[in-house]
Every structure is written in C-alpha cells, then in structure tokens.
Amino acid sequence: MDLTYTEEEEEFRARLRVWLAATLPGLPPRPDPRDWPARRAYDTAWQRRLYDAGYAGLHWPADAGGHGATPTQHLIFLEETELAGAPYVGANFVGLLHAGPTIAAEGTRAQRSRWLPPILRGDEIWCQGFSEPDAGSDLASLRTRAVRDGDAYVVTGSKIWTSHAEVADWCELLVRTRPASADVPGHRGITWLAMPMNAPGVSVRPLRTLAGTTEFAEMFLDEVRVPAAHRVGEENDGWRVTMVTLSFERGTAFVGEVVACRRTLRALAEAARGNGRWDDQEVRRTLGRLNAEFTALWRLTQWNVSEAQRAGGVPGNGGSVFKLRYSHARQELYDAAARVLGPGGLDLSHDWTADRLSSLSYTIAAGTSQIQRNIVAERVLGLPRGR
C-alpha cells in the first residue's frame, strides 16, 4: 500500500501551515482547564475561526456542510494543527467527531440541515449520553426507557460519564424503546435520539476527575419529551447507528493525540538528557520502544484512513486495533514520564502529571480494552463468538 502523499495533498499541507502561522499568534490565552464555561467559549471561538477559513468539517460531504476533502487531507489537517500547537476540538469533541459524522451518515436531509451547520460553526455543543451506571461497555443492557407518546418520546432514566454535559446544548442519547426478552436481544430495542439539554426534566451533576476537571457528568432524565423527529435512524435500529458513531470515535478521534504523544516523547528524551535520567539504560530502552510504538501507530492511522477512503469515509474495524494498542501505549508513555521527572512526577501543576492521570481512563473510554479485544477477535481475526 502506498502511504506517501500526493502533490495535491502536499499543497494542501503547505496552505494550512501558512494559515496556522498567521492565525495562532493572535489567539487569546487558554483558559483554566477547570473552568468549562470559559473553555466552551474558547473552543467554540476557535471552531468559528476554522469555519470562516474553510477548515471546518473538511472531510464531511458537501450536503452535510463540509468541503468533501479526502480522509487523507483530514489526516493532514489533524497532524499539522497538532504539530503547530493549535487548540484541540475540546468542548466541540462530541459534535465534531461523534454526533456530527453520525448525523451526516445516517440523518435525514432536514436533520443534517438543522444540526450540522451549528456544529461546524461552533454555535452548538453536544454531549454523549451512552453509558449508564449498570451499562458501561455493555451498552446492549442499557435501561433508560423511551415510550412513544404521539409525536414525541418520553424518556426516563440516567446516564453517567456524559462527556461535556454541563456546557452542552444537545445530547446524542441512546434509549430503550423495546424491552429485552428471551426472543428479543437487548441490542435490537435501542434507539438513537438527539435530545435538547434545556428540555424540562433534564438534570446534570458534574463529576470531578483525578485532575480536578469536570468534563464528565451524571445526567438524570425525568419524563423528558424528545420530538420523534429527533430520532436518527429507525426506531429500534439505534444499535446499528451507534456502531457508526463508535467507528468514528475509535477510528480518527485520537489522531491528533498520537501526534501529541510523539511530541511528548521527544520532549521526554530531551528532559532525560538534561536531568541525567538518560544514563539509565532502562529509561533509554523504554523511550526507544515507545518511539517505535508511536511510529507504528501513526502508520496504522494512515492505513485506517486509506481504508476509510475506499469505504466511503466511515472507519472500519481497524479503528479497534488502533484504539486497543494506543490506549496502553499512552499509559506506558506517561509512566515513562513519571520516571523521567522523578519526584516532580507528583506535581499536579505539571502537564505531564495531569496527562498521566488522564491516561488512566483511556483503557476504559470509547470502549474498554476487553471490548476492543472481542471486536478484533471476532471481526478482524474471524474467531468464534464467546458464550
């Protein structure tokens, strides 16, 4: 497979670099990571800059408000913005990388027209209402119930680990519209809804992480009315729609972070040379192995993007292979950072310390490593399903 870039793609890279060099120096200081309203304002302002410059939703189809760029051009965009130190999607994460692509792929023309432009402009923020206290990785066992009442669904239940709920306008919500039974497996009774977060009956309680931030929340739903027109896909077909969402979450959502990890690795090597840790052969061996790991992950990313390009833009099961290995490599990277920093690895004001705490969640978030191993075993290697 040819993983080199075409002349057109390299010209795109050059134009993007010029724009980044002219734009980034004029950005305001980044807000306190614990101040989510300020972070929302900062992130949405950056998204508006991207939109005005023609870089928002690059790879989305034209009828979804995008520019029809290839997945490879999107990969170049993610690589160059990360290398330049540009803001990440932040509070726009769910809308841009999960809900938006799902609506673009599965939504009606009216739904795409209503929800996609505000996502691309940074006008509206989305959160993800998938996991529940008793249904985390096993989404098929979710219990949040939706009962059809005329032209609306009445939703009752609770969600947990709801990303960006405290600053969100909309929620991509999974609900049960048909009870599971011996004859009806749980995944066949799930429906994907777009729920307005200002609807009566929605309560949000932020959850504080080890790093002191509140990007997750509990969400309680007490007879919340969601218009039936906000259903994406058919009733009880939400499991299939969710697999589209998760393919984006595991396929390209972490691309920028791979670039960031490679940059961190280089900085770690420099820090080790400066404080004498480089003399430890085990430290050098670990950093060398991690360099090989992240180089391989970047090549895997390029391969996944090439496969997605042939498949019409939707990532395939290769995203699970990537996510499985990346989650563990990231944890190993920040374990190595703690060794290089020594006692400084306990300083919570240090970026690497905060990133180490964050990395602990990566083998759980976006599907646990156990779930990813099952997907790889069954859908990539063709092994029989477990009983």
Side-chain angles (χ1 to χ4, degrees), residues 1-24 46-47 49-89 92-93 96-98 100-105 112 116 119-120 244 247-266 291-323 325-326 329 380:
M1 177 177 294
D2 184 6
L3 296 178
T4 60
Y5 296 105
T6 66
E7 182 178 345
E8 180 183 2
E9 289 163 349
E10 291 294 3
E11 289 174 355
F12 170 79
R13 185 193 300 274
R15 291 195 303 273
L16 176 59
R17 285 180 175 175
V18 170
W19 181 79
L20 289 168
T23 303
L24 294 182
W46 170 247
Q47 182 61 28
R49 285 178 182 256
L50 293 174
Y51 180 84
D52 290 342
Y55 288 116
L58 274 174
H59 63 303
W60 289 15
D63 65 353
H67 299 276
T70 67
T72 300
Q73 288 175 315
H74 182 224
L75 180 65
I76 291 171
F77 169 81
L78 294 172
E79 180 183 17
E80 291 297 327
T81 50
E82 181 58 45
L83 287 172
Y88 189 48
V89 289
N92 295 306
F93 184 86
L96 286 170
L97 303 181
H98 299 177
T102 302
I103 294 167
R112 293 197 297 271
L116 298 184
I119 290 174
L120 292 177
V244 173
S247 72
F248 286 109
E249 182 177 40
R250 297 163 186 168
T252 57
F254 294 110
V255 170
E257 297 191 33
V258 173
V259 180
C261 284
R262 296 179 76 184
R263 188 175 65 243
T264 297
L265 188 58
R266 290 191 293 272
N291 183 60
E293 287 263 11
F294 283 106
T295 299
L297 282 167
W298 182 249
R299 289 303 187 186
L300 176 59
T301 297
Q302 291 177 305
W303 185 86
N304 285 340
V305 167
S306 296
E307 289 295 292
Q309 190 162 327
R310 279 198 292 271
V314 177
N317 294 324
S320 289
V321 178
F322 167 84
K323 198 275 175 181
R325 187 54 219 155
Y326 170 71
V380 178

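Just so you know, these numbers come straight off a predicted model, no measurement behind them.
In this structure, T23 OG1 and W46 CH2 are separated by 6.0 Å, a value rounded to the nearest 0.5 Å. Taken to the nearest 0.5 Å, the OH atom of Y88 stands 4.5 Å off from the CZ atom of F93. With values rounded to the nearest 0.5 angstrom, R262 atom CZ is found 7.5 Å from E79 atom CD. Between atom CD1 of residue I76 and atom CD of residue E10 there is a gap of 6.0 Å, rounded to the nearest 0.5 Å. Rounded to the nearest 0.5 angstrom, L75 CG and Y5 OH are separated by 5.0 Å. Note that CD1 of I119 is 7.0 Å distant from CG of L96, once rounded to the nearest 0.5 Å.
Counting heavy atoms from C-beta outward, D52 and R49 have side chains that stay 4.5 Å or more apart.
Checking side-chain atoms of Q73 against main-chain N and O of E9 turns up no donor-acceptor pair under 3.5 Å. Judged by distance alone, with hydrogens and angles left aside, the side-chain atoms of R263 form a donor-acceptor pair with the main-chain N or O of E82 at under 3.5 Å. At distances below 3.5 Å, at least one donor-acceptor pair connects side-chain atoms of T81 with backbone N or O atoms of L78.
Partners of R266 under the side chain to side chain donor-acceptor pair (under 3.5 Å) rule, at least two apart in sequence or in another chain, do not exist in this structure. Legend: residues meeting side chain to side chain donor-acceptor pair (under 3.5 Å) with E80, ordered by chain and number and at least two apart, are R13, R17. With sequence neighbours left out, A53 forms a side chain to side chain contact (heavy atoms under 4.5 Å, CB included) with W19, Y55.
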side-chain contact (heavy atoms from CB on, under 4.5 Å) evaluation trace for L297 with F294: CA-CA 5 Å; L297 282 167; F294 283 106; 3.9 Å; yes

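Looking at every heavy atom in both residues, L116 comes nearest to G100 through CD2-O, 3.5 Å. Listed here is the closest heavy atom pair of A84 and L20: CB-CD1, 4.0 Å.
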